[in-house]
**Student:** 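Structure below; questions to follow.
Every chain is numbered from 1, with letters handed out A, B, ... down the list of sequences.
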There are 2 protein chains.
Amino acid sequence: MSIRLTKMAENREKLIAAARKAFAQQGYAAASMDNLTAEAGLTRGALYHNFGDKRGLLAAVVDQIDSEMADYAKSVGAKAGNAWQALLAEGAAYIEKALDPEVQRIVLLDGPAVLGDPSQWPSQNRCLQSTKATLEQLMANGIVKAVDPEAAAMLLNGAALNAALWLASSANPQAMLPKTLEAFNLLASGFLVKG
Amino acid sequence: MSIRLTKMAENREKLIAAARKAFAQQGYAAASMDNLTAEAGLTRGALYHNFGDKRGLLAAVVDQIDSEMADYAKSVGAKAGNAWQALLAEGAAYIEKALDPEVQRIVLLDGPAVLGDPSQWPSQNRCLQSTKATLEQLMANGIVKAVDPEAAAMLLNGAALNAALWLASSANPQAMLPKTLEAFNLLASGFLVKG
DNA sequence: GGTTTAACATACGAGGCGTATGTAGAATAT
DNA sequence: ATATTCTACATACGCCTCGTATGTTAAACC
């Protein structure tokens with residue numbers, strides 16, 4: 001790769017890292033682009049050239065975090081004994097990851113407000129497609145009832161992410177986590193052919 | 001009531017109405033307080049005196065819309081044949097109401113980003129408490145399995161609101177609505193003792 | 001080695017929020 | 001009834017931030 005492209009890639013990564021920290025700590029609206037670019041050793045010129053505007057930078061940050069979440073959930077699901085257990089494990093993984101304040105602030109709160117509904121994001125779509133694929137397999141095997149797989153996947157993912165948001169703002173998240181996971185698993189079992 | 005208090009109440013209502021329109025049309029961040037107060041025939045002075053800051057105004061608007069939703073859901077639930085049907089009907093009512101672009105933008109997108117997790121809002125708490133109460137009754141009657149009622153209520157409400165967000169940004173919301181409601185009802189049935 | 005190109009920096013303008021101060025009219029007391 | 005106080009709201013000011021338009025330096029290419 002040419003020198004210019006590598007340097008540009010490095011600067012992009014610097015900016016995303018600085019933005020990720022700033023957005024997490026102060027929130028999207030309160031984060032100053034002058035400050036976060038300075039922290040990365042650059043100026044707003046680099047930012048606008050690479051990402052177009054503030055929204056574009058947030059989109060890049062969201063995409064990075066969201067991809068990390070998807071990868072983690074997939075790896076957790078792969079360790080499960082069967083497909084149904086994998087589905088539940090992925091849901092639990094989402095809840096667990098979404099307890100991170102950084103994920104909360106950037107992906108669950110500012111992301112939707114600035115970028116619109118998460119189901120439209122490229123990375124979130126991958127999560128949805130993954131869950132959808134697992135559900136379709138479970139339906140084909142007669143384990144899960146026949147429903148619209150996309151709607152079902154959306155409901156499960158939405159419930160998991162919302163649960164994390166609720167948990168995080170509860171008095172004692174760690175104490176509530178087991179009960180929440182239990183309720184989530186029970187809810188998901190509504191899709192099973194035999195309860 | 002004194003003349004001053006009545007005029008003040010009228011102005012508060014004017015400002016909330018103007019803000020509701022502005023926030024719905026342009027979003028919270030893009031809405032100018034100079035413009036929306038001028039549209040109400042007032043200035044920013046009235047706004048800061050009544051609501052403290054921009055956040056306070058959003059909180060008032062969110063509270064109004066959220067209360068309307070809670071009232072509607074309750075009235076729909078009251079018409080149902082039994083408690084379980086009431087629970088499902090309330091969920092459907094939430095999904096239906098949340099399809100309104102005004103509700104989407106203000107309550108589901110900007111609200112959480114600016115005011116934090118909805119479960120902490122006074123009005124949203126009432127919704128949650130209502131669902132929770134219904135669930136507790138269903139548990140006492142042996143219709144619903146014993147789980148943490150608060151977590152269960154949160155999961156149901158969260159799934160419903162998220163479903164509306166997803167529906168609204170889908171290609172054909174009206175066509176997807178029945179399938180979504182079907183999936184939602186199936187999901188909720190996971191809480192039933194006998195499937 | 002000269003020219004072009006593009007990545008980034010610098011400079012500028014517009015607009016918005018929050019606060020500090022000003023004002024008019026209602027409430028209260030004598 | 002009148003004077004005073006109080007308060008709901010208006011006006012004025014300053015600071016900050018974003019986006020763009022222009023400048024500059026270094027890599028890429030002929």
**Student:** Starting from P on dC17(C), measure out to NZ on Lys54(B) and report it in whole angstrom.
**Tutor:**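 Spelled out: NZ on Lys54(B) to P on dC17(C) is 4 Å.
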
**Student:** Should Met154(A) and Phe191(A) be counted in the same cluster of Ile, Leu, Val, Met, Phe, Trp and Tyr side chains packed under 4.5 Å apart?
**Tutor:** yes

**Student:** OP1 or OP2 of dC9(D) versus the side-chain N and O atoms of Thr43(B): is any pair under 4.0 Å?
**Tutor:**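 Indeed not, no polar side-chain atom of Thr43(B) lies that close.
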
**Student:** Check whether any side-chain N or O of Asn11(A) sits under 4.0 Å from OP1 or OP2 of dC8(C), and answer yes or no.
**Tutor:** yes

**Student:** Map Leu42(B) and Ala29(A) onto DNA chain D by nearest heavy atom, then report which one ends up closer to the 5' terminus.
**Tutor:** Leu42(B)

**Student:** Could you state the atom-to-atom distance from CE of Met33(B) to C1' of dA10(D) in whole Å?
**Tutor:**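 My rounded result for the distance is 14 Å.
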
**Student:** Looking at Ala175(A) and Pro178(A), what are the two nearest heavy atoms and their distance?
**Tutor:** O-CD, 3.4 Å

**Student:** Between Met8(A) (CE) and dT25(D) (P), how many Å, whole number?
**Tutor:**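 After rounding, the reported distance stands at 20 Å.
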
**Student:** Restricting both atoms to N or O, compile the protein contacts to nucleotides 2-4 of chain D shorter than 3.5 Å, with distance only.
**Tutor:**
none

**Student:** Measure the distance from CG on Asn35(B) to C1' on dA14(C) and round it to the nearest whole Å.
**Tutor:**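 Atom-to-atom, Asn35(B) to dA14(C), this comes out as 14 Å.
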
**Student:** When we call it a touch if two heavy atoms are under 4.0 Å apart, what does Leu47(B) touch: a base, just sugar-phosphate, or nothing?
**Tutor:**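 Touches nothing.
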
**Student:** Hydrophobic cluster membership, with links at side-chain heavy-atom distances under 4.5 Å among I/L/V/M/F/W/Y: are Tyr94(A) and Tyr72(A) in one?
**Tutor:**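 Cluster IDs for Tyr94(A) and Tyr72(A) differ.
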
**Student:** Heavy-atom nearest nucleotide on DNA chain C for Arg4(B) versus Asp34(B): which residue maps closer to 5'?
**Tutor:**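 By nearest-heavy-atom nucleotide position, the 5'-most residue is Asp34(B).
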
**Student:** Whole-Å distance between dA27(D) C1' and Lys7(A) NZ?
**Tutor:** 10 Å

**Student:** Using whole Å, what does the distance between atom P of nucleotide dT5(C) and atom CD1 of Ile3(A) come to?
**Tutor:**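 Whole-Å distance recorded here is 20 Å.
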
**Student:** Can you tell me the distance, in whole Å, between the CD atom of Gln26(A) and the P atom of dC16(D)?
**Tutor:** 15 Å

**Student:** Go nucleotide by nucleotide along DNA chain D from the 5' end; which of Tyr48(A) and Asn50(B) gets its closest nucleotide reached first?
**Tutor:** Asn50(B)

**Student:** What pair of heavy atoms forms the shortest contact from Ile16(B) to Ala60(B), and how long is it?
**Tutor:**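 Heavy atoms of Ile16(B) and Ala60(B) come nearest at CD1-CB, 4.0 Å.
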
**Student:** Can you tell me if His49(A) touches the phosphate of dA7(C), counting only side-chain N or O atoms and a distance under 4.0 Å to OP1 or OP2?
**Tutor:**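 True: His49(A) side-chain N/O within range (under 4.0 Å) of dA7(C) OP1/OP2.
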
**Student:** Counting distance only, does the side-chain N/O of Gln104(A) pair as donor-acceptor with the main-chain N or O of Ala168(A) below 3.5 Å?
**Tutor:** no

**Student:** Start at the 5' end of DNA chain C and walk down; is the nucleotide closest to Arg55(B) or to Gly45(A) reached first?
**Tutor:** Gly45(A)

**Student:** Please identify which of these residues, Lys21(A), Arg20(A), Lys14(A), meets the salt bridge (charged side-chain N to carboxylate O under 4.0 Å, His left out) condition with Glu39(A).
**Tutor:** Lys21(A)

**Student:** Which pairs with one or both residues in residues 7-35 of chain A pass ring pair (Phe, Tyr, Trp, His ring centres under 6.0 Å), sequence neighbours excluded?
**Tutor:** Phe23(A)-Tyr28(A)

**Student:** Measure from the side chain of Asp53(B), starting at C-beta and using heavy atoms only, and say which of dA27(C), dG19(D), dG18(C) lies closest.
**Tutor:** dG18(C)

**Student:** For residues Gly77(B) and Glu90(B), report the shortest heavy-atom separation together with the two atoms involved.
**Tutor:**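 For Gly77(B) and Glu90(B), the tightest heavy-atom pair comes out as CA-CG, 4.0 Å.
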
**Student:** How is Ala31(A) classified with respect to the nucleic acid when contacts are heavy atoms under 4.0 Å: base, sugar-phosphate, or nothing?
**Tutor:**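 Sugar-phosphate only.
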
**Student:** Can you tell me how far C1' of dT17(D) sits from CZ of Arg44(A), to the nearest Å?
**Tutor:**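 Going from CZ in Arg44(A) over to C1' in dT17(D) covers 7 Å.
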
